Amino acid sequence: MSIEERRRRLAVRHCLAEPAPDIPTLARQLVGLHTSDPTTPFLAVRQRISDSTVEEVEQALYVDRSVFRMVGMRRTLFVITPDLLPLFDAACNRKNTATQRRRLAKLVEEQGIAADGERWIDDVGDRTVAVLERRGPTPGRELSALVEGFDARLSFGEGRRWAGTVSAGTRVLFILASSGRVIRAQPLGSWVSGQYRWAALGDWLGMEIEPRETHEAQRELLERWLWSHGPATLTDMQWWSGWTKTDTRRAVAAVGAVEVDLDGSPGFVLPDDGAVTRPVAPAAWFLPGLDPSVMGWKERDWFLGEHAEAVFDSNGNAGPTVWWDGRIVGGWAQPESAEVRFELLEAVPGGAKDAIESAAHELDKWLDGTRVMPRFPVPIYKRLAGNG
């Protein structure tokens with residue numbers, strides 16, 4: 001399967017060549033929209049749904065609640081739909097939650113907060129959920145005064161330059177969220193804010209998580225992902241899911257994935273998914289940091305080229321990118337004046353520069369003076385924003 005075919009598939013199946021009908025369909029089709037950076041889903045939707053607004057995304061997240069934020073693969077935060085919730089829970093979160101519980105329990109015991117760390121987590125967790133059920137959505141910073149033990153401090157990194165302390169309650173909240181007992185509700189500020197109110201999941205969504213068998217959930221989750229992201233390598237699938245090699249290979253076999261050649265390397269697609277994608281007209285896209293199309297694969301050379309050092313940080317987090325004809329050709333940022341600036345990292349065909357400039361202008365109009373500052377500033381962003 002050629003690079004050109006992979007780029008066409010990305011354009012079509014990631015709703016970049018033609019818009020998605022609505023926000024839940026988009027989140028479902030991409031198997032979640034990254035939201036470790038709170039602005040990512042808003043800007044991802046803007047590029048993929050015609051004439052979408054901040055208010056429409058907020059309506060879906062906080063009023064209709066047809067999408068919501070949930071921890072999933074690699075303990076990363078995504079915007080997902082209700083049908084994905086049981087899959088995230090069984091395929092990823094059960095194992096991750098158990099691991100995080102053991103680590104927190106050990107810290108609690110070692111630092112003298114409680115003799116039985118597991119019991120302490122259950123006690124603080126149960127009382128936190130009870131407060132949220134009674135009060136409704138509540139900022140995390142207020143829980144310290146409402147839940148005894150929530151504000152206990154944990155030390156980390158002793159003797160290291162990054163040493164510090166963190167609230168034990170913050171770690172309990174993460175465990176409650178990954179186990180599906182609490183959920184991030186409205187932010188404390190505007191759509192660019194990363195500080196959230198917390199709510200009991202059942203109260204916020206009006207549903208509980210349907211238990212699913214782990215291996216079956218992994219099969220279904222991978223099947224959904226391969227439809228929108230295939231072809232993909234085993235490395236891609238294991239990285240995206242956060243599973244072990246054994247679980248990844250089991251899921252690949254369970255979906256009946258078919259091997260294809262990716263420029264000399266083996267990749268996989270779903271059975272009967274070998275048809276050639278229709279031609280896609282070249283177009284300019286301005287995608288946000290941590291966009292799902294940028295973060296969808298581990299092996300990205302087929303759309304990233306030689307630009308990794310400019311548009312990714314050292315931990316593998318993507319910054320805001322400029323695309324032309326299905327590949328990354330530059331990055332964008334906003335200085336303090338908030339206008340959109342971009343830099344091209346390679347030559348583009350005649351006419352492409354005009355299309356990119358027009359796309360930058362449209363993004364500038366949409367932002368309307370709001371400055372988006374990515375959570376993970378990458379080298380090209382720093383240069384353009386004037387702080388690198």
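On a predicted model such as this, the values are computed, not experimentally measured, just so you know.
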Considering non-hydrogen atoms only, spot the tightest contact between [X] and [Y] and give its length.
X    : Y    : value
Y381 : M373 : OH-CA, 3.7 Å
T165 : S155 : CG2-OG, 3.8 Å
A338 : D364 : O-OD1, 3.7 Å
A284 : A355 : CB-O, 3.9 Å
G32  : P292 : O-CB, 4.2 Å
T40  : G289 : OG1-O, 2.7 Å

Would you say [X] and [Y] are hydrophobically clustered, going by side-chain heavy atoms of ILVMFWY under 4.5 Å?
X    : Y    : value
L188 : V372 : no
L344 : I380 : yes
L146 : F174 : no
V71  : I183 : no
V131 : W120 : yes

Does the pair E346 and H307 meet the rule for a side chain to side chain contact (heavy atoms under 4.5 Å, CB included), with working shown? CA-CA 9 Å; E346 63 178 72; H307 307 318; 2.7 Å; yes

Got more than 12 heavy atoms from elsewhere within 6.0 Å of [atom1], [X]?
X    : atom1 : answer
E309 : CD    : no
E213 : CD    : yes
D263 : CG    : no
R171 : CZ    : no

So how far is it from [X] [atom1] to [Y] [atom2], rounded to the nearest 0.5 Å?
X    : Y    : atom1 : atom2 : answer
N93  : I209 : CG    : CD1   : 7.5 Å
R250 : H215 : CZ    : NE2   : 3.5 Å
R69  : Y196 : CZ    : OH    : 3.5 Å
L10  : H229 : CG    : NE2   : 8.0 Å
M70  : L77  : CE    : CG    : 8.5 Å
K365 : L363 : NZ    : CG    : 11.5 Å

For V258, the hydrophobic cluster (side chain heavy atoms closer than 4.5 Å, chained through members) also holds M1, V260, L262, V269

Would the distance check show the side chain of [X] and the main-chain N or O of [Y] forming a donor-acceptor pair, the cut-off being under 3.5 Å?
X    : Y    : result
Q111 : L154 : no
R300 : V294 : yes
R371 : Q334 : yes
S358 : D354 : no
R75  : N96  : no
D313 : N315 : yes
T76  : G72  : no
D291 : A44  : no
R197 : P187 : yes
T138 : G136 : yes

Do [X] and [Y] come within less than 4.5 Å of each other through their side chains, counting heavy atoms only?
X    : Y    : answer
L87  : R224 : yes
T35  : R184 : no
I175 : T97  : yes
Q195 : R141 : no
D273 : R9   : yes
L132 : L143 : yes
R127 : F150 : no
L290 : R375 : no

Non-neighbouring partners of D64 that pass side-chain contact (heavy atoms from CB on, under 4.5 Å), sequence neighbours left out: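 With sequence neighbours excluded, D64 shows a side-chain contact (heavy atoms from CB on, under 4.5 Å) to Q59, S66, given in chain and number order.
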
Determine whether F286 and L43 satisfy the following criterion, side chain to side chain contact (heavy atoms under 4.5 Å, CB included), listing intermediate values before the conclusion. CA-CA 9 Å; F286 275 64; L43 291 164; over 6 Å; no

Distance-only check: which donor-acceptor pairs under 3.5 Å involve side-chain atoms of residues 274-282, not counting sequence neighbours?
residue : atom : partner : partner atom : Å
T277    : OG1  : E5      : OE2          : 2.7
R278    : NH2  : E18     : OE1          : 2.8

Should the pair W243 and W240 be assigned to parallel (<30°), tilted (30 to 60°) or perpendicular (>60°) ring geometry?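 If you compare the ring of W243 with that of W240, the planes turn out perpendicular.
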
Practice problem: Could you label the plane-to-plane angle of the F88 and F78 rings as parallel, tilted or perpendicular, counting under 30° as parallel and over 60° as perpendicular? | Solution: perpendicular

Say whether T233 and D236, considering side chains only, have a donor N or O and an acceptor N or O under 3.5 Å apart.
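Looking only at side-chain atoms, D236 and T233 do form a donor-acceptor pair, the distance falling under 3.5 Å.
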
Any donor-acceptor pair under 3.5 Å linking the side-chain atoms of S293 with those of R48?
yes

task = Could you walk me through whether T248 and S241 pass side chain to side chain contact (heavy atoms under 4.5 Å, CB included), step by step?
result = CA-CA 8 Å; T248 304; S241 64; 4.1 Å; yes

Whether R46 engages the ring of W191 as a cation-pi pair (distance to the six-membered ring centre under 6.0 angstrom, angle to the ring normal within 45°) should be assessed.
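No cation-pi geometry.
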
Short N-O contact, [X] and [Y], less than 4.0 angstrom:
X    : Y    : value
R219 : E216 : yes
R119 : D122 : no
R101 : E118 : yes
E210 : R212 : no

Test salt bridge (charged side-chain N to carboxylate O under 4.0 Å, His left out), reference R181, set D126, D203, D89, output is D126

Run the side chain to side chain contact (heavy atoms under 4.5 Å, CB included) check on V129 and V182 step by step: do they pass? CA-CA 7 Å; V129 173; V182 304; 4.0 Å; yes

Sole candidate of F303, W297, W285, W227 that passes ring-ring contact (aromatic ring centres under 6.0 Å, His included) when paired with H14:
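The single option meeting the ring-ring contact (aromatic ring centres under 6.0 Å, His included) with H14 is W297.
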
